Trainee: 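Attaching a single structure in structure tokens format; questions to follow.
By convention in this document, chain letters (A, B, ...) are assigned in the order of the sequence lines, proteins followed by strands, and residues within each chain are numbered from 1. These numbers come from a predicted model, not from an experiment.
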Amino acid sequence: MNLDEEIYQQRQEKLRQLEALGYQSYPHSFAFSHTLEQIQQQFAARTAEQLEAERLAVRAAGRIVALRGHGKTGFAHLLQGGARLQIYVRQDALDERQFSLWKLLDLGDFIGVRGYLFRTRTGELTIHVEELFFLAKDLLPLPEKWHGLQDVERRYRMRYLDLAVNAGVRDVFVTRSRLVQSMRQALNQRGYLEVETPMMQSIYGGAAARPFITHHHALDLQLYLRIAPELYLKRLIVGGLERVYEINRNFRNEGISTHHNPEFTMLEFYEAYSDYRVLMDFSEELLARVAREVTGSEQVTYGEHVLDFSKLRRLSLRDAICEFWPAEAAPAPSGEEVRRHAAEPDLVARYNQWAERAGRAPIAVRGGEEEGVLLTALFEAVAEQHLIQPTIIYDFPVAVSPLAKNKGDEPAWVERFEIYAAGMELANGYSELNDPEEQRRRFEQQLRARERGDAEAHQMDEDYVRALSYGMPPTAGEGIGIDRLCMLLSNSASIRDVILFPLLRPQTAGSEDGGSEESNSAPIR
RNA sequence: GAGGUGGUAGCUCAAUGGUAGAGCAUUGCCCUUUUAAGGCAAGGGUUCUGGGUUCGAGUCCCAGCCGCCUCACCA
């Protein structure tokens with residue numbers, strides 16, 4: 001019998017003893033007068049003398065996270081709602097049954113207390129317990145009280161334990177919730193309607209990615225988990241819902257990394273009668289506002305950097321390539337060279353020569369790529385990692401933007417921008433292509449890319465083209481990666497730290513602890 | 001997908017190829033203001049799995065499983 005099982009049995013035996021004392025082993029509720037946080041805040045300023053005079057009565061509850069018995073007395077710390085508070089128990093303040101209960105308590109148990117507030121000799125605000133209530137038993141031992149749960153794999157697999165014992169984890173997810181709340185508020189105030197569009201789609205679109213495939217039995221239908229909600233949201237614009245947004249999951253069947261989880265949360269929003277210039281301005285306001293509301297400041301510490309969301313630098317994709325071109329790969333391309341839109345193969349060759357010398361990954365060229373695809377690849381290779389401060393990159397090649405509207409004066413380019421921070425892409429927005437003929441040609445172009453072996457090229461969506469044929473007003477739309485923004489605002493290095501249950505390979509029998517044979521013993525891990 | 005790195009008690013971590021340890025947690029006893037409470041005592045190990053080298057493997061080699069990091073793909 002391993003220790004977990006031994007403790008499980010011991011604690012079940014204690015539950016039996018509690019029942020023998022007349023306590024319910026799993027009572028249904030407990031009415032508290034204060035949360036622990038309220039007690040800490042409301043009475044922080046009270047002196048020992050004031051508390052003694054007032055004898056403030058409180059009822060509070062929580063999980064026991066520290067337990068120090070002293071024979072006929074004892075101290076414990078309760079944790080509830082992210083706040084800790086000490087309680088003090090002494091035999092002569094309780095009846096015999098309650099003191100027996102106290103003796104049966106373990107680290108991790110949930111209890112309620114009634115008592116009055118006082119300050120200990122060391123000045124700590126503490127509840128002097130006059131009545132003790134048993135609420136729930138922890139049958140398995142909590143991780144170590146001082147170091148908490150360090151094993152990253154177990155933290156992700158057993159997030160409930162991570163949250164229960166690691167201070168700070170809770171804060172990350174509070175931050176995440178506030179972030180979403182703040183964005184909703186900003187959009188609602190701007191007259192937006194929150195909507196929900198299909199997660200399961202028979203034609204997937206709106207992004208370049210491989211999908212997850214599933215099957216509906218009754219309809220005998222192959223379905224895809226959506227890679228983006230874009231094409232549905234724009235159908236709503238056609239229908240006259242002129243400002244819509246959705247905050248929800250996208251699913252992409254691609255690699256996992258510190259910046260990628262197969263399911264991730266995206267805010268997408270579309271507004272009629274606007275273009276990408278409007279959205280660049282709005283994005284700047286939105287990010288500053290969210291940073292302020294969530295962290296209290298527009299300057300946010302992220303690792304070794306302080307990211308300033310008060311003002312976004314704006315740089316064209318073309319200029320970014322010139323600016324961040326590696327010095328050792330001289331000569332840097334001229335503005336004219338990147339504008340001309342014919343020199344890309346040369347530039348890629350020049351970059352790859354340097355990359356080989358520098359031991360960096362070259363840009364993969366399959367052959368037959370359009371110039372715009374190469375140029376975008378150059379941008380990502382050369383510039384992305386350097387975009388630490390929040391930056392808007394604008395004007396993208398049409399070849400990588402099948403749903404965006406052409407720039408009036410430069411048909412090979414589209415009105416599109418992306419926002420980068422800490423070297424990663426945060427957002428992507430553009431003036432929406434609303435010419436159905438042009439949209440059809442773009443889809444056809446994507447189909448050709450697909451035939452050339454691009455598994456991530458868009459599918460033809462006839463119904464979407466038909467929707468555009470009914471007329472879509474000029475519209476601008478944008479997607480913002482909520483997980484990544486949350487990383488920045490919570491100073492988290494990995495996307496897994498801001499997703500409660502990130503995708504991990506499931507544990508199989510034989511791994512870890514052998515998959516626990518189906519015995520009648522404790523359900524460990 | 002490639003490379004690197006890690007997996008030892010419930011948890012956090014030690015351990016030149018030579019008897020597998022500490023702190024916390026657990027169990028028993030003592031203790032009426034402690035706070036990583038303290039004191040005394042005790043129990044607790046398939047060193048991720050499977051092979052191999054060796055007189056002897058937690059340690060070296062091979063394979064596998066799982067995680068993490070970097071790169072590639074991607075957002």
Trainee: Heavy atoms, side chains only, cut-off 4.5 Å: are A:Leu117 and A:Arg55 in contact?
Mentor: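 A side-chain contact under 4.5 Å is absent here.
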Trainee: Return the nucleotide paired to B:rG18: Watson-Crick means purine N1 to pyrimidine N3 with N6-O4 or O6-N4, wobble means G-U with N1-O2 and O6-N3, both under 3.5 Å.
Mentor: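 Per the H-bond distance test, B:rC55.
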Trainee: On the nucleotide B:rU34, are OP1 or OP2 found under 4.0 Å from the side-chain N or O atoms that A:Arg121 carries?
Mentor: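 Yes, because at least one side-chain N or O of A:Arg121 sits under 4.0 Å from OP1 or OP2 of B:rU34.
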Trainee: I'd like the P distance from B:rC62 over to B:rG3, given in whole Å.
Mentor: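 13 Å, rounded to whole Å.
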Trainee: Is the closest side-chain heavy-atom distance between A:Phe251 and A:Phe264 below 4.5 Å?
Mentor: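 No - every pair of side-chain heavy atoms lies 4.5 Å or more apart.
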Trainee: Expressed in angstrom and rounded to an integer, what is the separation of A:Arg84 atom CZ from B:rU34 atom P?
Mentor: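 These atoms are roughly 17 Å apart.
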Trainee: So what does A:Gln10 touch, heavy atoms closer than 4.0 Å: a base, only the sugar-phosphate, or nothing?
Mentor: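 Sugar-phosphate, no base atom in range.
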Trainee: If you measure from the P atom in B:rG17 to the same atom in B:rG58, how many Å do you get, rounded?
Mentor: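 That atom pair is separated by 12 Å.
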Trainee: Find out whether the Lys NZ or Arg CZ of A:Arg159 is both under 6.0 angstrom from the six-membered ring centre of A:Phe501 and within 45° of the ring's axis.
Mentor: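 Judged by the rule (NZ or CZ under 6.0 Å from the ring centre, within 45° of its axis), A:Arg159 is not positioned above A:Phe501.
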Trainee: Stacking between B:rA75 and A:Phe264, yes or no? Criterion: centroid separation under 5.5 angstrom, plane angle under 30 degrees.
Mentor: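 Answer is yes, a stack.
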Trainee: Counting only side-chain N and O atoms of A:Arg505, is one of them less than 4.0 Å from OP1 or OP2 of B:rC66?
Mentor: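 Looking at the OP1 and OP2 atoms of B:rC66, one of them is under 4.0 Å from a side-chain N or O of A:Arg505.
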Trainee: With rounding to the closest Å, how many angstrom separate the P atoms on B:rU47 and B:rA57?
Mentor: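 After rounding to an integer number of Å, I get 12 Å for this pair.
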Trainee: For B:rA36, give the paired nucleotide (Watson-Crick: N1-N3 plus N6-O4 or O6-N4; G-U: N1-O2 and O6-N3; both under 3.5 Å), or none.
Mentor: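 With both distances under 3.5 Å required, B:rA36 matches none.
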Trainee: Which value, in whole Å, describes the distance between the P atoms of nucleotides B:rA42 and B:rU5?
Mentor: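 Taking atom P in both B:rA42 and B:rU5, they lie 42 Å apart.
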Trainee: If the P atom of B:rA20 is compared with that of B:rA9, how far apart are they to the nearest Å?
Mentor: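 My reading of the P atoms in B:rA20 and B:rA9 gives 15 Å.
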